[in-house]
Amino acid sequence: MDVILFTVFNGLLYGMLLFMLSSGLTLIFGMMGVLNFAHASFFMLGAYFAYQISKYIGFVPALFIAPLIVAVCGAMVEKYALRRVHKFGHVAELLFTFGLFYIIEELVQMVWGKVPVGYHVPEFLDFTLFSMSGMGYQAYAMFTLLVSIAIFFALFSVLTKTRAGLIIQAALTHPEIVSSLGHNVPRVFMAVFGLGCALAGLAGVLAGNTLGTEPSMALSLGPIVFVVIVVGGLGSLKGALVASILIGVLQTTAISLDLSINSLIETLGFAVDLESLWHILIDLTISQVAPILPYLLLVVMLIVRPRGLFGNRDV
Amino acid sequence: MIKISNLHAFYGKSHILRGINLTVDKGEIVALLGRNGVGRSTLVKSIMGLVPTTGSILFKDNEIVGNATHDIALKGIGYVPENRDVFSTLTVKENLLLGVKDKNVKAEWTVEEMFSLFPNLKERADVIASAISGGEQQMLTMCRCLMGNPEFMMIDEPTEGLSPQMVETVAELLKKIASKGIAILLVEQKLTIALRLARRVYLMGHGEIVFEGTPKELEKNTSIRKEWLEV
Ligand SMILES: Nc1ncnc2c1ncn2[C@@H]1O[C@H](COP(=O)(O)OP(=O)(O)OP(=O)(O)O)[C@@H](O)[C@H]1O
Ligand SMILES: [Mg+2]
């Protein structure tokens, strides 16, 4: 029972962080019509900025300042580069974000080097909050979970309750009409891009110190974020939320079970011929399979329901 | 109010408008007629800055060709697109509120006035806009545009696909708008309400104006009607 509780907690935490990343990506997709390959790079920038800032003035200011800087970087990229590339169509945009991904990776390596930097959990949050059956739940994990839940509610109320949020919603589906009503749509798009990058940056601030802050972190997280928004349905925030939590719980559950199919069969009373070739397959533990589970889900989803859980357009 | 001279518009390489000249004066309803695909919507979008154009468009004596769409809207031009494009994820009331401009424009129309003009919208104020009927959506897009307090309004095929009764409601609203001194460019395919409401009529064929005159003159001119309007 305790194990299940812990797993759900961890899955929820991982899922909410995924949502922070994927909500921005899915909003930006709604606006550009193409996936932003460089989205996870802004996550990485958030982690590096937080590392640098917390070194000088501490973690708490970094929590606010780093995402803000990432937002400004994102907005500048949209205003001075993407907007110009947009005229040349979707393929050009896609290639642009692809190039941007590598540029950011190279820049990060130039400034901070190839090895991980020492971005650590802040001392005041580095303790065990409570423990059950010998497992400890970290205060920092709880902190991260609470921040992500707060961000989730803030994002939803801004988008559905404020005038700016309504303009964003309308501009995502009908940009020409919104501009013909006198709203500056290019500026709205710049703000959406900045907001999406800020969310990714905040996720980087929160996760960089536990996942490790290194130049390859964008590449290792990027694909899973794509899985989330495709499974949830491109452009759908609700879908991004459900898919994030689904994938978060799925992965953490699979890892914590760590039960080999072999031992399962043995407990059921079958003898297994150890010499057989099958042995290798059977001995795969579920935790070894866990990393491919999200991609399996992606492939199945694309075959069964290409528009994703809540999407309204096909991939 | 608006004076268009020698306007050309392009979609990529295809040359859609070939030298359009057209004027609309204050408080006047002018109809723009023509068959499918002759470029009426393109003309309206060009005025709104949504299509690349060359030539001249003077609005209250200021050149607006090359301006950004939202600046053109802020200067006082309103556009009601064809296909009654409501913001489908927002409620009726939210649709109306997005018609209000953020700056420079004093609000002459309120949501309450819109509801009194068209009580159906009041009943459905909190309904998601994709769930109301086609006629109601047409009224909503027109009211949404009015909320921005335009001095000149371009309305693209407001009666298409509506029941005769609903067409009358739209015609009534157009009359009310014009009575407030707002100039209207009414794009239509059929003559039905256009001839009744308009003071002047332009007839378009293949990217050019092929006839200009009063509704009476168009009615008399059977050869022009045969060639450019009737099937
Ligand atoms: N986005 C576009 N790209 C390329 N060509 C277009 C585009 N939109 C319209 N056209 C072409 O421009 C021409 C004029 O179209 P427009 O929509 O202005 O016609 P219309 O007179 O409004 O007719 P209707 O509304 O009945 O279709 C048509 O031949 C159409 O195929
Ligand atoms: Mg048209």
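This one's a predicted model, so the numbers in the text were calculated from it and none came from an experiment. The sequence lines fix the lettering, A, B, ..., with proteins before strands; numbering per chain opens at 1.
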Inset, instruction - Begin with the C-alpha distance, continue with both residues' side-chain angles, and end with the deciding distance and a verdict on side-chain contact (heavy atoms from CB on, under 4.5 Å) for B:T69 and A:E176. - result: CA-CA 8 Å; B:T69 300; A:E176 292 195 338; over 6 Å; no
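Closest of all the heavy-atom pairs between B:R144 and A:I177 is NH2-CG2, 3.3 Å. Contact detail for B:D102 and A:H183: the closest heavy-atom pair is OD2-ND1, 3.7 Å. For A:S179 against B:A73, the heavy-atom pair with the smallest separation is O-CB, 4.0 Å. Among all heavy-atom pairs drawn from A:R163 and B:V100, the shortest one is NH2-O, 2.6 Å.
Looking at B:I72, there are no atoms closer than 4.5 Å to chain A (heavy atoms on both sides), in backbone or side chain.
The environment of B:K3 atom NZ is sparse: at most 12 non-hydrogen atoms of other residues, nucleotides or ligands sit within 6.0 angstrom. Atom OH of A:Y80 has 12 or fewer neighbouring heavy atoms from other residues, nucleotides or ligands inside a 6.0 Å radius. Other residues, nucleotides and ligands contribute at most 12 non-hydrogen atoms within 6.0 Å of the CZ atom of A:F98. A:H86 NE2: 12 or fewer foreign heavy atoms inside a 6.0 Å radius. The local environment of CZ in A:R187 is sparse, with at most 12 non-hydrogen atoms from other residues, nucleotides or ligands closer than 6.0 Å. Around the NE2 atom of B:H206, the shell of radius 6.0 Å holds no more than 12 heavy atoms that belong to other residues, nucleotides or ligands.
Using a 4.5 Å cut-off on side-chain heavy atoms (C-beta onward), B:H70 and A:L181 make no contact. The side-chain heavy atoms of A:Q169 and B:F87, taken from C-beta on, include no pair separated by under 4.5 Å.
Between A:L166 and the options B:L97, B:T89, B:L90, a side-chain contact (heavy atoms from CB on, under 4.5 Å) holds for only B:L90.
With rounding to the nearest 0.5 angstrom, the CG atom of B:D85 is 8.5 Å from the OG1 atom of A:T173. Note that OG1 of A:T160 and CD of B:E94 are 8.5 Å apart. Values are rounded to the nearest 0.5 Å.
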